[in-house]
Amino acid sequence: MTSRRIRRFALHYGEMVAAMLIGMAVLWPVWLLATGAAGDGSWLRSVSVETLVMATTMALPMAGWMRVRGHRWAPIAEMCAVMYAGFAVALPLYWTGVLDAGGLMVVGHVAMFVLMLAAMAWRWEEYAGCHAPRRRDRSATMMAS
């Protein structure tokens, strides 16, 4: 484990977190705008639905960035699953009254970042290695044929 690979790993983590935060900043207001006509009592505005939407607003841009960085679909799917895993554990605690809405968000988000780091460590070579952006250059593909 070289310091260069550790830096690549940390950079990868930081890039994915940045993509998640940008996605949340851009897509969450779109959700609020789209559901603005729904009353506060609507199922669309329930804490349960909104936590899953929040995870989605982070997972989509992160998945897109991972694809741009050259990751295969399997690690992308794993990382997207991690975005929801913390909430999947925390939602029943919310439903039973163990957590309030704020606790649900804290537990879900902390678990998200910890599980994301664990998933990356599990596939160390995937995230500490160098990935070139995917390019679909048809002329190069045709020349190679």
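Contact detail for G23 and P61: the closest heavy-atom pair is CA-CG, 3.4 Å. Of all heavy-atom pairs spanning W31 and L44, the tightest one is CZ2-O, 3.3 Å. Heavy atoms only, all atoms of each residue included: R67 and R72 are closest at NH1-CA, 4.0 Å. When every heavy atom of P75 is checked against every heavy atom of M66, the shortest pair comes out as O-CE, 3.8 Å. Nearest heavy-atom pair, I76 versus H71, reported as atom, atom and distance to 0.1 Å: CD1-O, 3.7 Å. For the residue pair A59 and M83, the shortest heavy atom distance occurs at CB-CG, 3.7 Å.
The CE atom of M24 sits 13.0 Å away from atom CE of M62, with the distance rounded to the nearest 0.5 Å. Atoms CD and CH2, from E50 and W28 in turn, are 4.0 Å apart once rounded to the nearest 0.5 Å. Note: L115 CG to M79 CE = 10.0 Å, rounded to the nearest 0.5 Å. The structure places CD1 of I22 at 12.5 Å from OG1 of T57, a figure rounded to the nearest 0.5 Å. Note that the CD1 atom of I6 and the CG atom of L11 stand 13.5 Å from one another [nearest 0.5 Å]. Interatomic distance, L60 CG to L27 CG, rounded to the nearest 0.5 Å: 7.0 Å.
Linking Ile, Leu, Val, Met, Phe, Trp and Tyr whenever their side-chain heavy atoms come within less than 4.5 Å leaves V26 and L52 in two separate clusters. Linking ILVMFWY residues whenever their side-chain heavy atoms come closer than 4.5 Å, directly or via other members, leaves V53 and V30 in distinct clusters. W73 and Y84 fall within the same hydrophobic cluster, where Ile, Leu, Val, Met, Phe, Trp and Tyr residues are linked whenever their side-chain heavy atoms come under 4.5 Å apart, directly or through other members. Under a hydrophobic clustering in which Ile, Leu, Val, Met, Phe, Trp and Tyr are joined whenever their side-chain heavy atoms come within less than 4.5 Å, directly or via other members, M112 and V114 fall into different clusters. Both L21 and M58 are members of a single hydrophobic cluster when ILVMFWY side chains are connected at heavy-atom separations under 4.5 Å.
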**Message:** Show, in sequence, the C-alpha distance, side-chain angles and deciding distance for F9 and L117, and conclude whether the side-chain contact (heavy atoms from CB on, under 4.5 Å) test is met.
**Reply:** CA-CA 10 Å; F9 183 89; L117 188 60; 3.7 Å; yes
**Request:** Walk me through it: do M54 and H109 pass the test side-chain contact (heavy atoms from CB on, under 4.5 Å)?
**Result:** CA-CA 10 Å; M54 178 75 65; H109 282 89; 3.7 Å; yes
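Salt-bridge check for E125 with R5: passed, with a basic side-chain N closer than 4.0 Å to an acidic carboxylate O.
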Sequence neighbours excluded and cut-off under 3.5 Å, please list the side-chain donor-acceptor pairs for residues 85-98, or say none.
from : atom 1 : to  : atom 2 : distance (Å)
W95  : NE1    : S48 : OG     : 2.7
T96  : OG1    : P92 : O      : 2.9
T96  : OG1    : L93 : O      : 3.3

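With contacts defined as side-chain heavy-atom distances shorter than 4.5 Å, the pair R45/L32 qualifies. Side-chain contact between M16 and F113: absent, with no pair of heavy atoms (C-beta onward) separated by less than 4.5 Å.
Screening residues 13-22 for side-chain hydrogen bond (donor to acceptor under 3.5 Å, both in side chains) gives E15-W65, E15-R69 as the qualifying pairs, with residues at least two apart or on separate chains.
Heavy-atom contacts from other residues, nucleotides or ligands closer than 6.0 Å to CH2 of W122 number 12 or fewer.
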